[in-house]
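Residue numbers begin at 1 in each chain, while the letters A, B, ... track the order of the sequences. Basis for what follows: all heavy atoms, side chains included, without hydrogens, waters or symmetry-related copies.
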2 protein chains.
Amino acid sequence: METQDLKKAGLKVTLPRMKILEILETSNVHHLTAEDIYRQLLEAGEEIGLATVYRVLTQFEAAGLVTRHHFEGGQAVFELERGAHHDHLVCVKCGKVVEFMDETIEAKQRQISSEAGFEITDHALTIYGICRDCR
Amino acid sequence: METQDLKKAGLKVTLPRMKILEILETSNVHHLTAEDIYRQLLEAGEEIGLATVYRVLTQFEAAGLVTRHHFEGGQAVFELERGAHHDHLVCVKCGKVVEFMDETIEAKQRQISSEAGFEITDHALTIYGICRDCR
DNA sequence: TTGAATATGAGAAAGCTTCTCATTATTACA
DNA sequence: TGTAATAATGAGAAGCTTTCTCATATTCAA
Ligand SMILES: [Zn+2]
Ligand SMILES: [Zn+2]
Ligand SMILES: [Zn+2]
Ligand SMILES: [Zn+2]
C-alpha cells in the first residue's frame with residue numbers, strides 16, 4: 001500500500017521514502033519532528049541524511065500524505081494524513097498532543113470567514129495547556 | 001503614559017523602548033515583524049540595532065504589553081496588547097490580517113479542554129484564506 | 001540491460017532569533 | 001548636581017531549523 005501511495009504521488013519508490021512512511025505509520029506518537037524521524041532512522045541503522053528527511057516530508061506534504069504543524073517552540077511537527085480533520089491540544093509541560101474536532105467550531109469558522117469575504121484555504125486551532133499528568 | 005507602562009514593567013525608560021512602543025501604538029497595521037519595526041526605525045533615522053528590537057519585543061511580551069504570533073511563514077509578528085482577546089484571519093496572498101472574536105468558539109474551547117483534563121494557558125486560532133481584494 | 005530522469009548524502013548556506021561582551025545610558029541617592 | 005550601581009545597547013558572533021547545491025547513486029521504462 002505504501003508503494004502505491006508513493007507512485008500515485010509521482011514519487012519514485014526509494015528506501016528513504018519507504019522507511020520514513022513506515023515510521024509515520026507505525027509510531028504510536030502521531031506528531032513527529034524531522035529530527036525525531038531522523039533519530040529513529042539512525043537507531044534503526046539506516047544511513048539517511050537529515051536533508052533527505054526534510055525533503056521527503058515536504059514532498060509528502062505536497063502529495064497530501066502528511067500534514068505539517070507549527071506548534072509553539074520552533075520545530076515543525078509532521079503527522080500522517082489519516083483523513084479526518086482535527087485540531088490540537090498541546091501540553092506545554094510534557095508536549096503531549098491530544099486531537100479533537102468540534103463541528104460547532106468548524107461551522108463558526110466558515111461563517112466568520114464568509115462574513116469577512118475570505119475564501120478559507122486552511123486553519124489552525126491549537127489550544128495550549130497543562131495536562132492532568134503534569135499537574 | 002508610555003513611560004508609566006515601562007516603569008510598571010520594571011524596565012528603564014530608554015529611547016529604543018519608547019520609539020518601539022511608539023511605532024506599535026501609531027502604526028495603522030497592527031501586526032508587525034521585528035524587521036518591520038527595525039526598518040521603520042531606520043527610516044526615522046534612529047540608530048537602533050535589530051538585536052535590541054528583538055530584545056525589547058521579548059521584554060514587552062513578558063510584561064504583557066505585546067503579543068507574539070506565529071503565523072505561517074517563518075517570522076513572528078508582534079502586536080500591541082489592547083486588552084481584548086481576538087483571533088486572526090490571514091490572507092495568504094497579501095498578508096492582510098483581520099481580527100475576530102467569537103464567544104461560541106471560545107466557550108467550546110474551554111469545554112473541550114476541561115473534558116480532556118487540560119488547564120488552558122493559551123490558544124491560537126488562525127484561519128488562512130484569500131481575501132476579497134486578492135480574488 | 002541501458003540510459004534518461006530522479007533521488008540522495010554531505011556540507012554549505014539561508015533565514016530568523018538569541019547571545020556575548022565591551023561600551024553607554026539610566027536612576028537612586030548623597 | 002554628581003556619582004556609583006545597575007541595567008541597556010550595538011555589533012557581530014553564534015544557534016537553530018530548514019533549504020540548497022552538486023557530485024554521485026538509484027530507479028524504472030523501454
Ligand atoms: Zn479545525
Ligand atoms: Zn494531529
Ligand atoms: Zn480565541
Ligand atoms: Zn491581532
Specify the separation, in whole Å, of atom [atom1] of [X] and atom [atom2] of [N].
| X | N | atom1 | atom2 | value |
| --- | --- | --- | --- | --- |
| His70(B) | dT18(D) | NE2 | P | 13 Å |
| Gln75(B) | dT17(C) | CD | C1' | 10 Å |
| Tyr38(B) | dG15(C) | OH | P | 16 Å |
| Phe71(A) | dT17(D) | CZ | P | 16 Å |
| Arg39(A) | dT17(D) | CZ | C1' | 14 Å |
| Leu50(B) | dG15(C) | CG | C1' | 12 Å |
| Ile48(B) | dA8(D) | CD1 | P | 15 Å |
| Glu46(B) | dA25(C) | CD | P | 14 Å |

Is there side-chain contact between [X] and [Y], with heavy atoms separated by less than 4.5 Å?
| X | Y | result |
| --- | --- | --- |
| Glu46(B) | Gln40(B) | no |
| Val92(A) | Ile130(A) | yes |
| Asp102(A) | Gln109(B) | no |

Would you say [Y] and [X] are linked by a side-chain donor-acceptor pair, where the criterion is simply a distance under 3.5 Å?
| X | Y | result |
| --- | --- | --- |
| Glu79(B) | His31(B) | yes |
| Thr52(B) | Arg17(B) | no |
| His85(A) | Glu106(A) | yes |

Could you go over nucleotides 19-23 of chain C and give all protein N or O partners under 3.5 Å, atom names and distances?
unit_1  : atom_1 : unit_2   : atom_2 : d
dT20(C) : O4     : Arg55(B) : NH1    : 3.4

Touch class at under 4.0 angstrom, heavy-atom based, for Glu35(B) against every strand present
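Answer is nothing: Glu35(B) stays at 4.0 Å or more from every strand.
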
Ion pair Lys93(A)/Glu119(B), N-O distance below 4.0 Å
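No, this pair does not count.
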
Between Arg82(A) and Glu25(A), does any NZ, NE, NH1 or NH2 come within less than 4.0 Å of an OD or OE carboxylate oxygen?
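Salt bridge flag = no for Arg82(A) with Glu25(A).
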
Let me spell it out: for each of Ala34(A) and Val56(B), pick the nucleotide of DNA chain D with the closest heavy atom. Which residue's pick is nearer the 5' end?
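Whichever sits nearer the 5' end wins; that is Val56(B).
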
Protein within reach of the bases, or only the backbone? For nucleotides 24-30 of chain D, mark each nucleotide 5' to 3' as B, S or -, using heavy atoms under 4.0 Å.
---BS--

At less than 4.0 Å, is any side-chain N or O atom of Tyr54(A) found next to OP1 or OP2 of dT19(D)? Yes or no.
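No.
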
If you take the centroid of each ring, where Trp contributes its six-membered ring, are His88(B) and His123(A) closer together than 6.0 Å?
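His123(A) vs His88(B): aromatic centres not under 6.0 Å.
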
